[in-house]
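Here is the structure we will look at, set down as structure tokens.
Just so it is clear, the model here is predicted, and its values are computed rather than measured. Lettering follows sequence order; numbering is per chain, from 1.
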Amino acid sequence: MNPGFEQLPARLIAWFDRHGRDLPWRKDRTPYRVWIAEIMLQQTRVETVVPYYRRWLETFPTVEALAEASETDVLKIWEGLGYYSRARSLRRAAEIIVRDFRGELPADLNRLKKLPGIGPYTGGSISSIAFANPIPALDGNVRRVYSRLFDIEAPLKSKESEAELEKISAALYALPEVRARPGDYLEGLMDLGATVCLPAAPRCVACPWAESCAAKARGVQTARPVVLKKAPVPAYLVAAAVIADSDGRVLLTRRPKNGLLGGLWEFPGGKTEDGESLEDCVRREIREELAVEFTPIRPFGVYRHAYTHFKITLHAFVGTIPADSKPKALSADALDWAAPEQLNAYPMGKVDRLIARKWLTETRLNEPDPQSKESGSPRTKRGKTIKE
DNA sequence: TAAACGTGGTA
DNA sequence: TTACCAAGTTT
């Protein structure tokens with residue numbers, strides 16, 4: 001092990017006491033608050049999470065409130081955070097916690113890990129931060145810090161690397177300083193990774209562990225951890241339909257619960273096939289999904305978006321379906337005609353939210369002059385109700 | 001087991 | 001613009 005191995009925890013905790021970040025979920029460390037924060041922080045930056053965390057706690061202040069919420073309520077608060085199964089898992093877990101644990105999160109690691117959305121890392125982090133159990137937890141920050149501290153040369157995702165990291169972690173968690181303050185040790189590790197031991201440009205001058213860092217001693221800190229190159233993601237050309245009825249309501253469909261953007265609403269459409277035009281694509285998709293004949297009238301924006309493992313260029317079209325036709329939700333989970341003032345209440349992913357906003361903008365523009373005596377009042381009301 | 005699963009920030 | 005990255009879990 002590195003020289004001064006036994007001194008590592010004490011130095012980190014002292015650094016954390018002085019330089020640890022002041023974050024909303026560190027104010028009142030109830031298990032519920034820790035749980036919500038840990039789930040939101042999965043693969044998500046702290047700065048992104050903060051406003052979502054505040055809104056969530058206001059809307060669902062307790063496990064019971066969350067258990068009683070609808071999936072739509074939960075997804076709406078989560079909108080924009082990504083990895084939406086996290087939100088649905090939270091709600092399901094809340095139901096289980098109310099039913100099986102009288103509304104209290106279990107302190108036991110094995111029980112925690114049985115709850116939906118809680119895996120090895122989150123189980124360990126809740127256990128150590130909320131319940132002061134010295135359970136090792138490895139996340140991206142911790143892996144990067146240890147990879148440098150011990151100059152691990154095996155690729156980060158390899159079995160060798162993972163085994164070494166677990167061995168290091170276990171050895172550190174055997175030390176009394178960690179066992180005394182497991183939550184602070186873990187959060188100190190996180191903060192070190194997030195503010196000092198940065199991925200591209202580590203600030204070793206500010207690091208409490210610099211003198212013990214094997215990668216720094218060899219000058220290879222920026223080359224650790226070893227990350228394998230990722231394969232380029234495929235790009236798809238997509239078309240979607242904006243279909244309005246005579247009252248100006250638009251047709252939305254709800255995506256299946258599982259899979260990409262599960263449970264969110266969208267403007268119906270899909271990927272083009274080889275050689276297929278965008279117009280042909282959207283006509284075919286609407287026929288397949290809704291069993292009606294769509295006629296594209298005019299383009300309604302081009303939207304580029306990158307998901308985790310592919311990217312799209314989506315062309316939206318405003319168009320019509322026959323007045324006497326009635327769309328059926330064939331492949332979608334549900335179908336709805338959304339009035340403009342209701343559009344914001346439907347949880348959506350990024351691209352569909354952009355389309356919805358554009359639709360709202362145009363709808364407002366086409367409304368009668370708000371100064372005229374006839375329609376001034378409704379316009380004002382709508383403008384206040386819709387938050388974007 | 002490897003692939004699926006979002007989004008926004010940064011170089 | 002592209003590529004990579006950020007407190008992982010599920011299947």
Side-chain angles (χ1 to χ4, degrees), chain A residues 16 20-21 23-26 33-53 75 78-90 92-93 112-130 136-146 155-159 162 165 183 185-195 197-202 222 225 227-235 255-264 266 303-313 347-354:
Chain A
F16 178 65
R21 290 172 292 179
L23 301 170
W25 44 89
R26 290 179 178 173
R33 290 169 59 88
V34 171
W35 173 41
I36 300 303
E38 288 302 322
I39 299 294
M40 284 192 171
L41 286 162
Q42 289 170 3
Q43 302 287 282
T44 313
R45 304 180 117 84
V46 163
E47 315 85 75
T48 306
V49 166
V50 170
Y52 282 89
Y53 180 78
L75 286 172
W78 201 272
E79 182 180 308
L81 250 193
Y83 289 132
Y84 295 92
S85 68
R86 292 183 293 172
R88 300 205 322 275
S89 292
L90 273 175
R92 280 198 294 139
L112 278 173
K113 282 199 290 192
K114 279 182 189 149
L115 294 169
I118 298 182
Y121 163 74
T122 306
S125 71
I126 294 174
S127 205
S128 45
I129 297 169
L138 292 174
D139 80 309
N141 284 309
V142 181
R143 288 189 171 93
R144 181 173 61 257
V145 171
Y146 288 167
L156 188 58
K157 298 221 165 160
S158 67
K159 279 187 176 171
E162 192 61 18
L165 287 166
Y185 178 75
L186 178 59
E187 290 189 322
L189 225 29
M190 307 285 200
D191 284 14
L192 188 68
T195 66
C197 198
L198 301 165
T222 54
V227 222
L228 274 38
K229 279 220 174 76
K230 283 151 198 159
V233 298
R255 299 179 59 90
K257 301 287 179 199
N258 298 309
L260 187 74
L261 305 174
L264 299 187
E266 67 177 1
Y303 308 83
R304 292 176 198 291
H305 190 68
Y307 294 97
T308 311
H309 56 293
F310 65 92
K311 52 190 175 183
I312 64 166
T313 303
M348 292 180 185
K350 183 67 198 301
V351 171
D352 292 279
R353 181 55 64 203
L354 288 175

*Have A:Ser85 and A:Arg92 got a donor and an acceptor in their side chains that come within less than 3.5 Å?*
no
*Indicate whether any N or O donor in one side chain lies under 3.5 Å from an N or O acceptor in the other, for A:Glu38 and A:Ser125.*
yes
Determine the contact category for [X]: base if any of its heavy atoms lies under 4.0 Å from a base atom, sugar-phosphate if only primed atoms, P, OP1 or OP2 are that close, otherwise nothing.
X: A:Leu23; result: base
X: A:Arg92; result: nothing
X: A:Arg144; result: sugar-phosphate
X: A:Val46; result: base
X: A:Ile118; result: sugar-phosphate
X: A:Lys159; result: sugar-phosphate
X: A:Trp25; result: base

*asked:* Say we look at C:dT9 and B:dG8: how far apart would their P atoms be, to the nearest angstrom?
replied: 23 Å
*asked:* I'd like the P distance from B:dA3 over to C:dA7, given in whole Å.
replied: 23 Å
*Which comes earlier along DNA chain C counting from the 5' end, the contact point of A:Arg26 or that of A:Leu115, where each point is its nearest nucleotide?*
A:Arg26
*Closest nucleotide of DNA chain C for A:Asn141 versus for A:Pro232: which of these residues is on the 5' side?*
A:Pro232
Whole-Å gap separating [atom2] ([N]) and [atom1] ([X]):
X: A:Lys257; N: C:dT10; atom1: NZ; atom2: P; answer: 18 Å
X: A:Glu38; N: C:dT9; atom1: CD; atom2: C1'; answer: 14 Å
X: A:Lys157; N: B:dA4; atom1: NZ; atom2: C1'; answer: 12 Å
X: A:Leu228; N: B:dT1; atom1: CG; atom2: P; answer: 17 Å
X: A:Ile39; N: B:dC5; atom1: CD1; atom2: C1'; answer: 15 Å
X: A:Glu162; N: C:dG8; atom1: CD; atom2: P; answer: 12 Å
X: A:Asp191; N: C:dA6; atom1: CG; atom2: C1'; answer: 14 Å
X: A:Asp139; N: C:dA7; atom1: CG; atom2: P; answer: 6 Å

*Donor-acceptor pair under 3.5 Å: do we get one between A:Arg21's side chain and the base of C:dA7?*
yes
_Does this structure show an ion pair linking A:Asp191 with A:Arg26, if we count only N-O contacts that are shorter than 4.0 Å?_
yes
*Below 4.0 Å: OP1/OP2 of B:dC5 and any side-chain N or O of A:His309*: yes
*Within the structure, does a side-chain N or O atom of A:Lys230 lie under 4.0 Å from either OP1 or OP2 of C:dC5?*
yes
Would you indicate whether the side-chain heavy atoms of [Y] and [X] approach each other to under 4.5 Å?
X: A:Trp35; Y: A:Leu90; value: yes
X: A:Trp25; Y: A:Met40; value: no
X: A:Phe310; Y: A:Leu260; value: yes

_A:Tyr307 vs A:His309, test: ring pair (Phe, Tyr, Trp, His ring centres under 6.0 Å). Steps then yes/no._
CA-CA 6 Å; A:Tyr307 294 97; A:His309 56 293; 8.1 Å; no
_Per-nucleotide protein contact string for nucleotides 6-11 of chain B (B base, S sugar-phosphate only, - none; heavy atom under 4.0 Å)_ = BBB---
_Working for salt bridge (Lys or Arg N to Asp or Glu O under 4.0 Å), residues A:Arg143 and A:Glu162_ = CA-CA 9 Å; A:Arg143 288 189 171 93; A:Glu162 192 61 18; 2.9 Å; yes
